[in-house]
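Just below is one structure, and these are the notes that go with it.
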Amino acid sequence: MQPFTAVTGPAAPFLEPNVNTDVIIRIERLTGVPREDLGRYAFEALRHGQEGDSAFILDTPTFRGAPILIAGRNFGCGSSREGAVWALMGLGVRTVVAESFGDIFFNNCFQNGVLPVVLPKDAVDRLAAEATGGAGLTVDLVAGEVRAPSGAVVPFTVDPQRRQALLEGLDEIGVTLTRADEIAAWQARDRAARPWIWAAA
Amino acid sequence: MARTLLDRLWDAHVVADLGDGWSLLHVDRHLLHDLSGTAGLDALAARGLPVRNPELAFATADHAVSSAPGRTGESYAPGAPLWAGLRARAAEAGLHYFELGQVGQGIVHVMGPELGITLPGVSLICGDSHTCTHGGLGALAFGVGSSELTHALATQTLRQKKPKNLRVRFEGAMGRGIAPKDLILHLIGRLGADAGTGYAIEYAGSAIRGLGIAGRMTVCNLSIELGAKIGFVAPDDTTFAYVEGRRFAPKGADFERAVAHWRSLASDADAAFDREVVIDVAAVTPTVTWGTSPEHAIAIDAAIPDPRAAPDAERREAWRAALDYMGLEPGRPLAGTPVDWVFIGSCTNSRIEDLREAAALARGRHVAPGVTAWVVPGSERVKRDAEAEGLDRVFREAGFAWREPGCSLCVAANGERVPPGARSVSTSNRNFVGRQGPGARTHLASPAMAVAAAVTGAITDARRI
Ligand code: SF4
């Protein structure tokens with residue numbers, strides 16, 4: 001996984017609530033399009049024109065390639081498709097700031113080195129207002145703060161284990177595999193306690 | 001200390017305490033489908049890792065396969081490599097695999113319970129957000145993304161943080177013609193699409209106790225539309241009777257022993273919840289969505305909401321955009337809106353109980369001119385049972401298409417789409433922009449309401465026909 005420490009750049013304000021992962025990437029794109037190319041199809045339903053002349057915020061000259069997305073409440077709700085995160089990454093997004101996130105999308109972000117930052121609504125609105133003209137923000141995971149051009153500093157917290165994993169670009173599978181013996185011991189006990197789990201013919 | 005059902009389900013699967021509230025949780029059952037499952041198995045193979053416990057993994061194709069009569073895994077060409085890949089990977093790894101045309105094939109959330117793969121008290125995952133459906137049997141079930149799915153294949157565990165606990169009590173007696181779908185759409189309409197974010201939901205109360213397993217699964221299925229990735233009902237005698245005799249369910253003395261354990265799976269009377277909501281079900285009417293989020297749910301006799309009356313600016317904008325997409329005018333009655341398509345299917349409402357309910361209403365009636373109406377059974381088992389009962393004939397005679405099991409029009413990842421601008425009444429769970437196809441306009445409703453729409457050609461209160 002790609003590590004995340006800090007990112008500076010334009011922050012696209014896109015404050016619609018309940019933006020679901022179907023809208024971020026259509027499921028059909030996940031059957032044929034390679035992961036690296038998904039950015040082209042991100043938010044397809046909202047980009048009425050072709051790429052380049054669409055009015056969608058991430059297609060405007062100011063925000064094309066913006067590494068920061070300031071999103072509305074419950075961003076990434078709905079389907080578990082991790083392709084939604086890949087599609088955002090394909091657009092160049094490294095971090096999303098919002099009041100809240102869909103639970104599965106939130107997990108999927110951390111799995112890919114994308115930082116979801118949860119802030120209260122007034123802080124999100126304030127940052128969005130500052131970012132509107134294209135002035136760059138900094139989202140700093142090391143310091144645990146968002147810095148705005150006005151000098152405003154908005155602190156945020158990230159779960160300590162998630163934070164560490166992002167900073168290091170940790171491979172979770174590798175880490176868990178070091179506990180293989182513990183898992184085997186648990187399963188051996190479980191076979192005796194709940195034989196029906198293991199009897200599946 | 002008093003414990004909740006969530007505490008009991010969670011603690012029973014903790015392999016290791018990872019600190020800061022994190023647990024390494026054992027995965028008892030892993031379901032894989034053609035979209036996420038194939039990708040996960042590929043990712044694992046790319047890392048050169050084996051599936052740790054293939055005996056606990058169960059695979060079938062549902063999302064990207066055609067539901068056309070006579071279909072094969074290749075009928076929908078873009079899905080063919082996923083179907084073939086799942087089959088090949090499953091054989092390689094020695095997973096349980098159910099082929100098209102075999103009992104066991106179907107929407108993962110329909111086939112798991114019906115085969116007894118899903119049991120009370122198991123931890124069950126799938127690379128699919130509607131995995132919460134399995135909570136209807138008292139399982140700790142949730143959806144995961146590709147990375148977590150691969151982690152589970154490699155280690156049979158997941159690193160998880162315990163969610164907060166919300167209890168929703170549906171109390172009282174359901175009125176005539178009210179379906180489980182109405183209960184849950186009503187709840188989402190009341191609380192909003194993010195009310196459950198960060199929570200596991202326990203559904204309780206007399207109305208839930210009175211539901212069969214299919215109805216409980218319908219309720220749990222939409223937990224994710226409330227924002228909660230986990231939803232469940234404490235198992236009881238209804239659950240044990242449902243499970244007994246199913247193919248992968250425990251047998252004989254094992255079953256008795258399991259039931260004794262399953263009886264302990266309940267919240268203590270004095271257990272505390274982070275949040276509790278009580279719904280008086282006597283006040284629930286048939287409920288239909290008008291917009292593009294499941295929270296846009298209203299009673300069938302209500303008017304289409306006016307953005308000017310929205311509680312805040314954010315919702316005013318969202319309502320406006322939704323009305324624009326849906327081609328609806330605020331203030332007018334939703335009932336009477338003409339429809340073009342009707343879909344009865346999906347992991348929400350494609351079980352035999354749903355099809356019986358739909359067929360009872362369709363019998364002797366006919367789909368209105370200009371309406372295309374499909375019935376897509378949730379699984380091969382459901383299809384065969386329905387055909388044995390003659391339900392397929394009832395539907396066909398009424399002008400519905402009777403198709404092969406799969407996700408079909410719920411997700412439009414299989415070449416099956418509602419055309420742009422067409423209006424659909426669907427028994428599925430998502431009315432998102434473009435969900436049933438680019439530009440498609442979806443209204444979520446119960447099976448009875450879907451039949452009512454099909455035979456009248458408009459959104460109609462099923463109690464009136
Ligand atoms: S029926 Fe629809 S919601 Fe259910 S698993 Fe299939 S695509 Fe997902």
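Just so we're on the same page: letters track the sequence lines, and every chain starts at 1.
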Legend entry - CA sep, side-chain torsions, deciding dist, call: B:Asn414, A:Thr31, side chain to side chain contact (heavy atoms under 4.5 Å, CB included): CA-CA 9 Å; B:Asn414 34 47; A:Thr31 60; over 6 Å; no
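Annotation: maximal heavy-atom pairing with chain A below 4.5 Å, among B:Ala412, B:Ala318, B:Ser36, B:Ser293, occurs at B:Ala412. Heavy-atom pairs under 4.5 Å with chain A peak, among B:Thr38, B:Leu119, B:Leu18, at B:Leu18. Among the candidates B:Glu317, B:Arg315, B:Arg435, the residue making the largest number of heavy-atom pairs closer than 4.5 Å to chain A is B:Arg435. The candidate from B:Ser146, B:Gly21, B:Ala16 with the greatest count of non-hydrogen atom pairs under 4.5 Å with chain A is B:Ser146. The most heavy-atom pairs under 4.5 Å with chain A, out of B:Pro81, B:Gly79, B:Gly145, B:Ala39, come from B:Gly145. Chain A forms more heavy-atom pairs under 4.5 Å with one residue of B:Gly121, B:Gly198, B:Ala152 than with any other, namely B:Gly198. Note on A:Arg73, A:Glu16, A:Arg179, A:Met1: by heavy-atom pairs under 4.5 Å with chain B, the leading option is A:Arg73.
Put simply, OG1 on B:Thr155 and CD1 on A:Ile183 are 5.0 Å apart, with the number rounded to the nearest 0.5 Å. Rounding to the nearest 0.5 angstrom, the gap separating the CD1 atom in B:Ile224 from the CG atom in A:Asp103 is 6.5 Å. Taking CZ of B:Arg257 as the reference point, atom CZ of A:Arg194 lies at 11.0 Å (rounded to 0.5 Å). For the atom pair B:Glu148 CD and A:Ser80 OG, the distance stands at 10.0 Å (nearest 0.5 Å). Remark: A:Leu177 CG to B:Leu49 CG distance equals 6.0 Å, nearest 0.5 Å.
Closest approach of A:Asn18 and B:Ala193 over heavy atoms only: OD1-CB, 4.0 Å. Shown here for B:Asp194 and A:Ser100, the closest heavy-atom pair between the two residues is OD2-OG, 4.2 Å.
Residue B:Pro438 touches chain A through its side chain alone, counting heavy-atom pairs closer than 4.5 Å. Contacts between B:Ile117 and chain A at a heavy-atom distance below 4.5 Å are absent for every atom of the residue. Contact annotation for B:His151: both backbone and side-chain heavy atoms come within less than 4.5 Å of a heavy atom of chain A. Proximity to chain A involves both the backbone and the side chain of B:Thr150, based on heavy atoms less than 4.5 angstrom apart. The parts of B:Val411 that come within reach of chain A are both its backbone and its side chain, each placing non-hydrogen atoms under 4.5 angstrom from that chain.
Between A:Asn107 and the choices B:Lys229, B:Arg159, B:Lys161, the side-chain contact (heavy atoms from CB on, under 4.5 Å) rule is met once, by B:Lys229.
Ring-plane geometry between B:Trp262 and A:Trp196 is classed as perpendicular, the angle between the planes exceeding 60 degrees on a 0 to 90 degree scale with a lower cut at 30.
For B:Asp20 and A:Arg163, the salt-bridge test fails: no basic side-chain N is under 4.0 Å from an acidic carboxylate O. Checked for salt-bridge contact, B:Glu55 and A:Arg191 meet the test: a charged N lies under 4.0 Å from a carboxylate O.
Under 3.5 Å, the side chains of B:Asn53 and A:Gln187 contain a donor-acceptor pair of N or O atoms.
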